[in-house]
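A, B, ... follow the sequence lines: proteins, then strands. Residue 1 opens every chain.
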2 protein chains.
Amino acid sequence: MRVLKYAILGLLNRHPMTGYDIGKEFNYELAEFWHAKHSQIYTELKKLHKEELVTFDIEISGDILEKKQYSITDKGREDLIYWLHKDELIGKTAKDVFRVRMYFCNFLDLDARIGLLESQKMQQTKRMNTLMKTAEQYPEVPLADSDRFGDYIILEGAIMRQKSIIAWLDKCIGYCQKAQEEKKA
Amino acid sequence: MRVLKYAILGLLNRHPMTGYDIGKEFNYELAEFWHAKHSQIYTELKKLHKEELVTFDIEISGDILEKKQYSITDKGREDLIYWLHKDELIGKTAKDVFRVRMYFCNFLDLDARIGLLESQKMQQTKRMNTLMKTAEQYPEVPLADSDRFGDYIILEGAIMRQKSIIAWLDKCIGYCQKAQEEKKA
DNA sequence: TTAAACATGTAAGCTGTTACATGATTTA
DNA sequence: TAAATCATGTAACAGCTTACATGTTTAA
């Protein structure tokens, strides 16, 4: 599948950047649907260079420090555009460690369950607030042919996903609290 | 992390089963949050056996065929219960190939985008209908200390997630159609 | 001057997929 | 009797994480 390859080509198709810059992108909007460590990024860039999908120019920053500014080649752009058009079948649902715990939660007493659920809710809410703050930068939907259109719809999707996660956690907390009250009675 | 280890221990803690049975579980409810191929399952079971977290009895099915019925040991159960209590920090958002495509979709013309979005919507809707049909088996929320409680909340969470995905796709389709109309005018 | 951020890479090991490999039992 | 399902395994490879390794530049 080599999705990382296309995530990198997609970024370089916007404008040239270094491996380090690409790593930073995986901490902003991109982090809402893909991520990679620098070790993997540098390895992939080397591979893409061998395949002639990217080139680089060495720039000197300060006196000594060499920076590699990577750019996409025509061959790389062709490959990217072809991949973007692919209408692939949806795969298995993404893995989720917290749901594994909840699936087997009947072996946890109600206090422990509520504790885990509340902790999860706090963390997921914090993430949602960060997303909402980013969304304030968009007073309206960006033009459909601008880079920002992709940024915007992914951000909106991330907020919707986040809301649905929190709503589910609330439901689960409700069930557990109700069970706890029934136990007392 | 070894999540597969705990997914398997959790299943065996419900009742003994073969590697093949475990593989089948990953195609039902479990598939909503974890999955694994039989090659990985058999390898993991061997490892768990070495670690004395599971045991097995060989049963003969028919005349010759040997089936290994795996059971969890006390040591395995202890390990599982300890893991279930862990309140870990949420990780990076799950990877999503379709959102990679949409992030870079400004390099796709509007017809292609709408085509991809509609295809995605069709597939995600189909998945939701399957989940909704399964949910009909639950006339009410199961008791909090039964296996079925875990099954139920995961199913409910999967339906909510699915609804939110479809709502997002609809929004995206709407944006693209609006842009298309504006282009014509 | 020192801490944070910039910048690039390799090696070992774990996780997961695809392909190879074999054979028995059940149902139509 | 043929096809579907049951049943168990190994090998090669791809994807990803953690740790190792090094050094520069910028801003406080």
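Looking at B/R2 and B/E51, a side-chain N of the basic residue comes within less than 4.0 Å of a carboxylate O on the acidic one, giving a salt bridge. Taking the charged nitrogens against the carboxylate oxygens, B/E59 and B/K68 have no contact shorter than 4.0 Å, which rules out a salt bridge. Using a 4.0 Å cut-off between charged side-chain N and carboxylate O, A/K121 and A/D170 make a salt bridge.
Between the C1' atom of D/dT24 and the NZ atom of A/K67 lies a distance of 12 Å, rounded to the nearest Å. Rounded to an integer number of Å, the gap from NZ of A/K37 to C1' of D/dA19 is 12 Å.
In this structure, the side-chain hydrogen bond (donor to acceptor under 3.5 Å, both in side chains) partners of A/T18, at least two apart in sequence or on a different chain, are A/D21. In this structure A/K5 satisfies the salt bridge (charged side-chain N to carboxylate O under 4.0 Å, His left out) test together with A/D79, sequence neighbours excluded. Annotation: side chain to side chain contact (heavy atoms under 4.5 Å, CB included) contacts of A/D111 (sequence neighbours excluded): A/D109, A/Q180.
Figure legend: cation-pi geometry between A/R99 and B/W34 absent, as NZ or CZ is not positioned both under 6.0 Å from the six-membered ring centre and within 45° of its axis. At least one cation-pi condition fails for B/R113 and B/F104: the charged atom is not both under 6.0 angstrom from the six-membered ring centre and inside a 45 degree cone around its axis.
Residues B/Q40 and B/L45 have side chains not in contact (no heavy-atom distance under 4.5 Å, counting atoms from C-beta outward).
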Exercise. Using a 4.0 Å cut-off on protein heavy atoms (strictly under), produce a 5'-to-3' string for nucleotides 20-28 of chain C with B for base contact, S for backbone-only sugar-phosphate contact, and - for none.
Key: ----SS---
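Which of C/dC6, D/dT18, D/dC16 sits closest to the side chain of A/S39 comes down to D/dT18.
Place B/K24 and A/M1 on DNA chain D by their nearest nucleotides, and B/K24 ends up nearer the 5' end.
A heavy atom closer than 4.0 Å to some atom of DNA chain C occurs in no member of residues 78-102 of chain B. Shown for residues 40-51 of chain B: residues whose heavy atoms fall under 4.0 angstrom of DNA chain D, namely B/Y42, B/K46.
Between the side chains of B/E156 and A/Y175, at least one donor N or O sits under 3.5 Å from an acceptor N or O.
Distances shown here put a side-chain N or O of A/K68 below 4.0 Å from the OP1 or OP2 atom of C/dG9.
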